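Structure, as structure tokens:
Remember, predicted model here, so these are calculated numbers, not experimental data.
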Amino acid sequence: MWMDDSAGEVGRSVWKPAKFLVIGHRGNGMNILQSTDRRMKAIKENSILSFNTAAKFPVDFVEFDVQVTSDGIPVIFHDNFILTEENDAVQERRVTELSLCEFMGYGLQKEAGKVGKSLLRKSKEGRLMSWNVETDDSLCTLEEVFTQVNPRLGFNIELKFDDNIVYEEEHLVWTLRCILGVVFDHAGDRPIVFSSFQPDAALLVRKLQSNYPVFFLTNGGTEIYTDVRRNSLEEAIKLSLEGGLQGIVCAVKAIFRNPGAVNKIKESKLCLMTYGQLNNVPEAVYMQHLMGVEGVIVDFVEQITDAVSNLMSPGGNDKKQDGGEDEDSELLVPTTKESSRPVFSQRELSFLLKLIPELIQHQ
């Protein structure tokens, strides 16, 4: 599935996928409870059911968020806080301050007849909603994910930390060791990739282990943080090279706003993958493939894996047309009666790469 080329600079192995990767976001897709698209509320995100549903399609990895409970158990949950309603009042607890027993007491319970605490979720706008999906599943631990999810799936393990907390190195090391202990005990031959928005966590997990590639997550400057290492693709490249990381996972909007950054990342021998809702649009995914992006994290797993299979089937990938002589006739994708692939000349591709940043700015 991937190649580990150790011919990179001293102290850093180069990780390059052997194919364009499609990665299921929080399994078969994240939950957006206020969305009118039923796919965003079909299956509970970050659940064993969601991961195994994604495995029914030709997806390469599933991405999920790992936090560690107060008693040292890695669990799968995205939000920093878990919310419930008790006695007509909303109760909010930080996930990392809960014990495993307390954490597992929320939501659907595994034991027949047992009722867990209701789950609420707060939108980015601050709106509270019941966490209702069409097909629910219980919360789970990292160990359960390793033992119960289809073994063919790779895991993109996001090391989740709160953006608003400045962490001591001792706490980061303790958290990462709890996670690595489970990974080393249960990974076997399963492909693993670590990623984190927390720069120090990304650097530390690289120092603590060398078996698995580590990616720095960044929004590429679409939001600004007090830690300057998070505020641009240039900083992300610098951090990754200095820390011996293997790649960058960037917000797709940042790539489309600054297409030239792709070449800088490739020249640095870093792997580049992206995340964001534009990755649910097949044309946006295909454009990234042409630009040199090596993987995408998506919510609409069935639709995007199908589109990728159609757009990038063998024999239809970046080949020159027979008889193509000038720049305009050098088609990056051949056209056939059966093919629905977009067809771009070199000049058209150049035009699109100049146009896309303008389109994104006005979105």
Side-chain angles (χ1 to χ4, degrees), residues 15 23-27 30 45-46 61-68 74-82 94-96 122 124 142 155-169 171-176 178-180 183 192-209 212-255 257-258 261 265 270-279 293-299:
W15 191 86
I23 301 166
H25 188 207
R26 305 182 201 172
M30 70 182 291
E45 70 176 36
N46 273 334
F61 283 73
V62 287
E63 179 270 354
F64 52 80
D65 310 276
V66 177
Q67 303 185 58
V68 175
V75 295
I76 315 302
F77 200 75
H78 174 271
D79 302 354
N80 296 316
F81 294 90
I82 193 165
R94 185 177 288 279
V95 170
T96 53
K122 188 181 293 185
K124 285 186 176 180
L142 180 59
F155 287 169
N156 174 189
I157 299 175
E158 180 181 340
L159 308 167
K160 188 76 177 177
F161 296 92
D162 191 328
D163 292 337
N164 300 307
I165 294 179
V166 177
Y167 291 94
E168 297 291 334
E169 181 172 319
H171 176 77
L172 290 175
V173 169
W174 175 80
T175 300
L176 296 174
C178 290
I179 295 168
L180 288 172
V183 173
I192 304 291
V193 172
F194 290 111
S195 62
S196 186
F197 283 103
Q198 218 291 342
D200 295 317
L203 296 174
L204 281 169
V205 79
R206 173 76 276 164
K207 291 178 181 177
L208 291 171
Q209 62 82 44
Y212 305 111
V214 179
F215 282 61
F216 181 49
L217 271 161
T218 178
N219 59 32
T222 58
E223 295 179 47
I224 299 300
Y225 299 88
T226 54
D227 189 333
V228 296
R229 296 175 295 178
R230 299 189 60 180
N231 289 343
S232 70
L233 275 169
E234 289 72 24
E235 286 289 341
I237 293 170
K238 180 182 176 183
L239 177 89
S240 299
L241 292 177
E242 291 179 352
L245 310 187
Q246 280 64 49
I248 294 169
V249 183
C250 180
V252 60
K253 280 189 177 183
I255 292 298
R257 284 175 179 170
N258 183 15
I265 293 168
L270 292 166
C271 181
L272 174 62
M273 300 191 287
T274 67
Y275 71 91
Q277 292 195 40
L278 277 171
N279 283 351
V293 174
E294 290 159 298
V296 289
I297 298 174
V298 309
D299 294 301

Could you walk me through whether Arg229 and Asp200 pass the salt bridge (Lys or Arg N to Asp or Glu O under 4.0 Å) test, one step at a time?
CA-CA 10 Å; Arg229 296 175 295 178; Asp200 295 317; 3.0 Å; yes
Would you find a donor on one side and an acceptor on the other, under 3.5 Å apart, between the side chain of [X] and the backbone of [Y]?
X      : Y      : value
Asn279 : Thr274 : yes
Gln67  : Lys160 : no
Gln246 : Gly244 : yes
Asn231 : Gly221 : no
Tyr167 : Asp162 : yes
Glu45  : Phe77  : no

If you measure from [atom1] on [X] to [atom2] on [Y], what distance do you get to the nearest 0.5 Å?
X      : Y      : atom1 : atom2 : value
Gln198 : Thr175 : CD    : OG1   : 10.0 Å
Leu245 : Leu241 : CG    : CG    : 8.5 Å
Ser232 : Ile237 : OG    : CD1   : 8.0 Å
Leu272 : Leu233 : CG    : CG    : 8.0 Å
Asn258 : Lys253 : CG    : NZ    : 15.5 Å
Ile157 : Ser196 : CD1   : OG    : 12.0 Å

Start with the C-alpha gap between Ile297 and His25, add the side-chain angles, then the distance that decides, and say whether side-chain contact (heavy atoms from CB on, under 4.5 Å) holds.
CA-CA 6 Å; Ile297 298 174; His25 188 207; 3.6 Å; yes
For a 4.5 angstrom cut-off between non-hydrogen side-chain atoms, does [X] reach [Y]?
X      : Y      : value
Val68  : Thr96  : no
Val296 : Tyr275 : no
Asp227 : Pro199 : yes
Phe215 : Val193 : yes
Val66  : Glu158 : no
His171 : Ile165 : no
Ile248 : Thr218 : yes
Ile179 : Leu142 : yes

Is it the case that more than 12 heavy atoms not belonging to Glu235 sit under 6.0 Å from its CD atom?
yes
Which one of Ile224, Leu239, Asp163 satisfies the side chain to side chain contact (heavy atoms under 4.5 Å, CB included) criterion with Arg230?
Asp163
Just checking Phe61 against Phe155, ring centres under 6.0 Å apart?
no
Quick one: closest heavy-atom pair of [X] and [Y], and the distance?
X      : Y      : result
Leu217 : Ser195 : CD1-OG, 3.6 Å
Arg94  : Phe81  : NH2-CZ, 3.1 Å
Phe197 : Phe216 : O-CE1, 3.6 Å
Val293 : Met273 : CG1-CA, 4.2 Å
Tyr212 : Gln209 : N-OE1, 2.8 Å
Ile23  : Val62  : CG2-C, 4.0 Å

Among all residues two or more places apart in sequence or in another chain, which pass the side chain to side chain contact (heavy atoms under 4.5 Å, CB included) test with Leu208?
Leu176, Arg177, Leu180
Could you verify whether a donor N or O on one side chain and an acceptor N or O on the other, from His78 and Asn46, lie under 3.5 Å apart?
no
